[in-house]
Amino acid sequence: MPKYTQQQLTQNIINMLKEKLQKDYSPGSTKRDAHPKSLGLLKAYFIVEKNLPPKYKVGIFKEEKTYSTFIRISNSSPKINSDKMKDFRGFSLKLLDVHGPRCSKDEKTTQDFLFINNETMPIGTLKLFHDAIYYTTKSNPFIFGVKLLFSGKIGILKDIRQNQKHDSSPLDIRYFSTTPYMFGEKKVKYSLVPRSIYKSKLPKDMSSTYLTNNMKTHLDNHEAVFDFMVQFQTKGMPINDASVKWSESKSPFIKLATLKIPIQEFTTKEREELGEVLFFSPAHSLVSHRPIGDINIARIKIYEEMSRFRHDRNKEELFEPNEKKFRNIN
């Protein structure tokens, strides 16, 4: 395969993903190219800690404030599979009423944080990400496996298989940003640590929707709680390889906020429809929390292009939620 620049790799990925969606979906029913299966759209509150030390008072953490927040929870497979299939989970936050200098202009008052329930992104470089898409959509996945074997990177596939799981509930597990961001003048990664009193149980007979069912049982009678944590970069923590874990022993995570998910009914048609039209991106951010690194820079363009492509095929308008929508949605 020829050598490409970062811009060429990014555009190749966009072209391949558009071709795939055109094959997989008819106009009017196009899903996301990744994380297409939503497990629920939740309403939550992002509560900045009181009395943070001055060095942590950056961006949205400058003052004690509670942000209304939408959370889209998903399975990561590019296909809509049964919850019986082992998978990774996505957990995307969209904070509302966020003001200040921004990275992009397509959303004016939001701050997105994107997480998965794995410490790293196994296919952690833009080149590998490009090759994985190429060999799984336009060539033969077996060839990709062989290339990984001869390049000494076959452990990537083992890492993916080992870390895909049957979780008791998306509300019970820890999440990681995997990719880095700025925090003022510092470089960081983020994590969400579950702190709920109530815990779900893995059902003996897993249904195709057991993850949503367990979340519903949880939120029918109990709130869910996560600690929002930040980890600062130290020596040996790369920016452009998301497959490398940033050591917690060298740089422990520090709590900056609490994410509270109140008791609610989320399995409604209105929530389902809103979850489909929302657009999450690392670019929906204050400049003080801007995304960095090759993968994040590529994600910004890929997510924007693919979101517009999906919305255009479905004849839907791009939609930025606000406080009024948060209050009024069932």
Let me confirm one number: the CE-CZ distance from Met182 to Arg290, rounded to the nearest 0.5 Å. 4.5 Å
Looking just at side-chain N and O atoms, do Ser307 and Glu304 make a donor-acceptor pair shorter than 3.5 Å? no
Is there a path from Phe70 to Phe266 through hydrophobic residues (I, L, V, M, F, W, Y) whose side chains come within less than 4.5 Å of each other? no
Could you check whether atom CD of Glu270 has more than 12 heavy atoms from other residues, nucleotides or ligands sitting under 6.0 Å from it? yes
Walk me through it: do Asp112 and Leu114 pass the test side chain to side chain contact (heavy atoms under 4.5 Å, CB included)? CA-CA 6 Å; Asp112 292 1; Leu114 281 59; 3.9 Å; yes
Salt-bridge present (Lys23, Glu19; N to O < 4.0 Å): no
Quick one: closest heavy-atom pair of Lys84 and Ser207, and the distance? CG-O, 3.8 Å
Can you confirm whether Lys189 sits close enough to Gln233 that some side-chain heavy atom of one is under 4.5 Å from a side-chain heavy atom of the other? no
Test side chain to side chain contact (heavy atoms under 4.5 Å, CB included) on Gln111 and His289; report intermediate values, then the result. CA-CA 9 Å; Gln111 172 70 49; His289 302 306; 3.9 Å; yes
Run the side-chain donor-acceptor check on residues 49-65: report pairs under 3.5 Å with partners two or more places apart or on a different chain.
residue, atom, partner, partner atom, Å
Glu64, OE2, Asn51, N, 3.4
Lys65, NZ, Asp97, O, 3.3

Given the rule in the side chain to side chain donor-acceptor pair (under 3.5 Å) test, do Arg195 and Thr258 qualify, once you have shown the distances and angles that lead to the verdict? CA-CA 9 Å; Arg195 298 294 187 210; Thr258 299; over 6 Å; no
Just by distance, do the side chain of Asn214 and the backbone of Ser168 share a donor-acceptor pair under 3.5 Å? yes
Check: Thr209 and Leu211 side chains under 4.5 Å, non-hydrogen atoms: no
Taking atom types as modelled, find out whether Asp172 and His218 have a side-chain donor-acceptor pair closer than 3.5 angstrom. no
Can you hop from Ile300 to Phe129 via hydrophobic side chains spaced under 4.5 Å? no
Ignoring hydrogens and geometry beyond distance, is a side-chain donor-acceptor pair present between Ser29 and Ser26 at under 3.5 Å? yes
Give me the ring orientation class for Tyr181 and Tyr190: parallel if the planes are under 30° apart, tilted from 30 to 60°, perpendicular past 60°. tilted
Leu256 and Phe183: CA distance, side-chain angles, deciding distance, side chain to side chain contact (heavy atoms under 4.5 Å, CB included) verdict: CA-CA 12 Å; Leu256 297 184; Phe183 190 88; 3.8 Å; yes
Show me the donor-acceptor pairs within less than 3.5 Å that the side chains of residues 320-330 make with the rest of the protein, sequence neighbours left out.
residue, atom, partner, partner atom, Å
Glu320, OE1, Lys108, N, 3.0
Glu320, OE2, Lys108, N, 3.0
Glu320, OE2, Thr109, N, 2.8
Glu320, OE2, Thr109, OG1, 3.2
Asn322, OD1, Lys324, N, 3.2
Asn322, OD1, Lys325, N, 2.9
Glu323, OE1, Ser68, OG, 3.1
Glu323, OE2, Ser68, OG, 3.3
Asn328, ND2, Lys324, O, 3.3

Under a single-linkage definition using a 4.5 Å side-chain heavy-atom cutoff for Ile, Leu, Val, Met, Phe, Trp and Tyr, are Ile297 and Leu9 assigned to the same hydrophobic cluster? no
Cluster overlap Tyr45 with Phe91, hydrophobic side-chain contacts below 4.5 Å: no
Under 3.5 Å, is there a donor-acceptor pair between the side chain of Ser104 and the main chain of Ala283? yes
Check each of Ser74, Ser76, Ser77 against Asp87 using the side chain to side chain donor-acceptor pair (under 3.5 Å) test, and report the only one that passes. Ser76
Which atom names give the shortest non-hydrogen contact between Gly100 and Arg102, and what distance separates them? O-CG, 3.0 Å
Taken to the nearest 0.5 Å, the spacing of Glu185 CD from Ser288 OG works out to 10.0 Å
Any donor-acceptor N or O pair under 3.5 Å, side chains Gln264, Arg271: yes
Heavy-atom nearest pair, Arg310 first then Leu278, reads NH2-O, 3.7 Å
Nearest atoms (heavy-atom pairs only) where Glu223 meets Ile263: N-CG1, 4.0 Å
One thing to verify: whether Asp83 and Lys37 come together as a salt bridge, which I'm taking to mean a side-chain N less than 4.0 angstrom from a carboxylate O. yes
Is the NZ or CZ atom of Lys94 both under 6.0 Å from the centre of the six-membered ring of Phe280 and within 45° of that ring's axis? yes
Identify the residue among Met85, Lys86, Arg89 that makes a side-chain contact (heavy atoms from CB on, under 4.5 Å) with Asn75. Arg89
Testing Leu41, Leu259, Leu171 one by one against Ile71 for a side-chain contact (heavy atoms from CB on, under 4.5 Å), which residue passes? Leu259
Taking all atoms of both residues into account, what is the closest heavy-atom pair of Ala44 and Ile261, and its distance? CB-CG1, 3.8 Å
Honestly curious: do Ile173 and Phe176 fall in one hydrophobic cluster under the side-chain, below-4.5 Å linking rule? no
Lys260 NZ: over 12 foreign heavy atoms closer than 6.0 Å: no
Heavy-atom closest contact (Pro282 atom, Tyr303 atom, distance): CD-CD2, 3.7 Å
Approximate separation, where rounding is to 0.5 Å, of Thr10 OG1 and Glu305 CD: 10.5 Å
So does Lys18 get a backbone contact from the side chain of Asp33, meaning a donor-acceptor N/O pair under 3.5 Å? no
Has Thr136 got a side-chain atom pairing as donor or acceptor with Ile133's backbone, closer than 3.5 angstrom? yes
Report all side-chain donor-acceptor pairs from residues 237-249 shorter than 3.5 Å, counting only partners two or more places apart or in another chain.
residue, atom, partner, partner atom, Å
Asn240, OD1, Asp294, N, 2.7
Asp241, OD1, Ser243, N, 3.0
Asp241, OD1, Ser243, OG, 2.6
Asp241, OD2, Ser243, OG, 3.4
Lys245, NZ, Glu119, OE2, 3.0
Trp246, NE1, Pro238, O, 3.1
Ser247, OG, Ser249, N, 3.3
Ser247, OG, Ser249, OG, 2.7
Ser247, OG, Lys250, N, 3.3
Glu248, OE2, Arg174, NH1, 3.3
Glu248, OE2, Arg174, NH2, 3.4

Separation of Ser196 OG from Leu219 CG (nearest 0.5 Å): 8.5 Å
Worked verdict on Tyr175 versus Ile116 for side chain to side chain contact (heavy atoms under 4.5 Å, CB included): CA-CA 5 Å; Tyr175 296 89; Ile116 61 170; 5.6 Å; no
Do the ring planes of Phe115 and Phe113 sit parallel (below 30°), tilted (30 to 60°) or perpendicular (above 60°)? tilted
Atom pair CD (Gln11) and OG1 (Thr5), whose distance is rounded to the nearest 0.5 Å: 10.5 Å
With a 3.5 Å distance limit and no angle check, can you tell me whether Thr217 reaches the backbone of Met215 through a side-chain donor-acceptor pair? no
Measure the spacing between CZ of Phe279 and CZ of Arg32 and express it to the nearest 0.5 Å. 9.5 Å
